[in-house]
Amino acid sequence: MNMQATRSFYIAPSILSADFTRLGEEVDAVIAAGADLIHFDVMDNHYVPNLSFGPMICEALTRKGVSVPLDVHLMVEPVDELISQFIKAGATYISFHPEASRHIDRSLELIRQGGCKAGLVLNPATPLSLIEPVLHKLDMLLLMSVNPGFGGQPFLPYVLDKVRQARLLIDEKRLPTRLEVDGGIKVDNIRAIADAGADTFVMGSAIFGTPDYGKTFAAIRKALGAGG
Ligand code: DX5
Ligand code: ZN
């Protein structure tokens with residue numbers, strides 16, 4: 001019998017790829033289909049060359065009573081003011097890019113003191129060593145498998161090595177940190193990303209825009225196999 005405990009896997013649809021004219025219905029539909037979190041891509045057209053949505057939309061979803069955690073991914077610079085606004089708007093997780101904060105530890109403390117779970121996001125070319133000193137403070141480590149700014153980009157396979165390193169580090173230190181991968185994840189590559197050690201998967205274009213979210217989630221869970 002395989003004694004290794006099967007890691008549970010969590011799917012976080014990114015609403016960046018949703019139909020914004022029906023955002024509430026889209027969120028309800030993916031949750032009904034099995035979404036574990038809702039991934040909320042905040043872009044400021046400064047840190048990344050794109051502009052998406054802000055705390056007001058997060059607050060609208062919170063007010064609507066979204067039943068799963070809101071996984072806010074800040075692609076903004078600076079970060080601290082928006083951290084405070086997303087705490088008020090009802091975020092569950094708030095993750096930011098370390099390059100976008102002058103004082104990484106202080107920004108992490110701001111999130112935790114606001115009662116939210118704190119995360120850091122590493123771009124494909126950013127090494128794990130940048131965040132190692134504060135890994136023990138992270139509820140979530142998010143590894144980008146595309147360059148941030150857009151949905152629908154192809155997965156960058158070289159990031160798998162970083163996923164493996166991160167999994168080893170988290171397990172070695174016996175940390176409860178969630179290991180999330182974000183960008184270009186599809187039914188046909190998710191198993192390899194899980195095998196590398198990820199437990200949480202952001203999926204935008206692989207989910208939104210498909211004809212039947214129930215069938216899409218069934219295919220994702222099947223591809224993940226045990227723990228899926
Ligand atoms: C990109 C965002 C990702 C993106 C994922 O900057 O952080 O979350 O929306 O979309 P897909 O799954 O289509 O790559
Ligand atoms: Zn994201």
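Note that the numbering runs from 1 along the sequence shown for the chain. Because the structure is a prediction, the values reported are computed rather than measured. Every number for a ligand or one of its atoms is a count from 1 in the order of the listing.
Protein N/O/S atoms found under 2.8 Å from the Zn ion (ligand 2): H39 NE2, D41 OD1, H73 ND1, D182 OD2.
With no hydrogens or angles considered, a side-chain donor-acceptor pair links D41 and H39 at under 3.5 Å.
The hydrophobic cluster containing V146 also includes V121, L142, M144, under a criterion of side-chain heavy atoms closer than 4.5 Å among ILVMFWY residues, counted directly or through chains of members.
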Check residues 129-136 and write down every donor-acceptor pair under 3.5 Å in which the side-chain atom is one partner and the other belongs to a residue at least two apart or another chain.
| unit_1 | atom_1 | unit_2 | atom_2 | d |
| --- | --- | --- | --- | --- |
| H136 | ND1 | P133 | O | 3.4 |

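Residues V163 and A198 come closest through the heavy atom pair CG1-N, 3.7 Å. Here the shortest heavy-atom pairing between V76 and D44 reads CA-OD2, 3.1 Å. Across Y158 and P124, no two heavy atoms sit closer than the pair OH-CB, 3.1 Å. The heavy-atom pair separating S205 from G152 by the smallest distance is OG-CA, 3.5 Å.
Side-chain contact between S14 and F208 is absent, with no heavy-atom pair separated by less than 4.5 Å.
Classification of the H73-H97 ring pair by plane angle, with boundaries at 30° and 60°, yields parallel.
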Pairs of nitrogen or oxygen atoms, one from ligand 1 and one from the protein, closer than 3.5 Å: please tabulate them with distances.
| unit_1 | atom_1 | unit_2 | atom_2 | d |
| --- | --- | --- | --- | --- |
| ligand 1 | 6 (O) | G149 | N | 2.7 |
| ligand 1 | 7 (O) | D41 | OD1 | 3.0 |
| ligand 1 | 7 (O) | H73 | ND1 | 3.2 |
| ligand 1 | 7 (O) | D182 | OD2 | 3.1 |
| ligand 1 | 8 (O) | H39 | NE2 | 3.4 |
| ligand 1 | 8 (O) | D41 | OD1 | 3.2 |
| ligand 1 | 8 (O) | D41 | OD2 | 2.8 |
| ligand 1 | 8 (O) | D182 | OD1 | 2.6 |
| ligand 1 | 8 (O) | D182 | OD2 | 3.1 |
| ligand 1 | 9 (O) | S14 | OG | 3.1 |
| ligand 1 | 9 (O) | D41 | OD2 | 2.9 |
| ligand 1 | 12 (O) | G204 | N | 2.7 |
| ligand 1 | 13 (O) | G152 | N | 2.8 |
| ligand 1 | 13 (O) | S205 | N | 2.9 |
| ligand 1 | 13 (O) | S205 | OG | 2.5 |
| ligand 1 | 14 (O) | G184 | N | 2.8 |

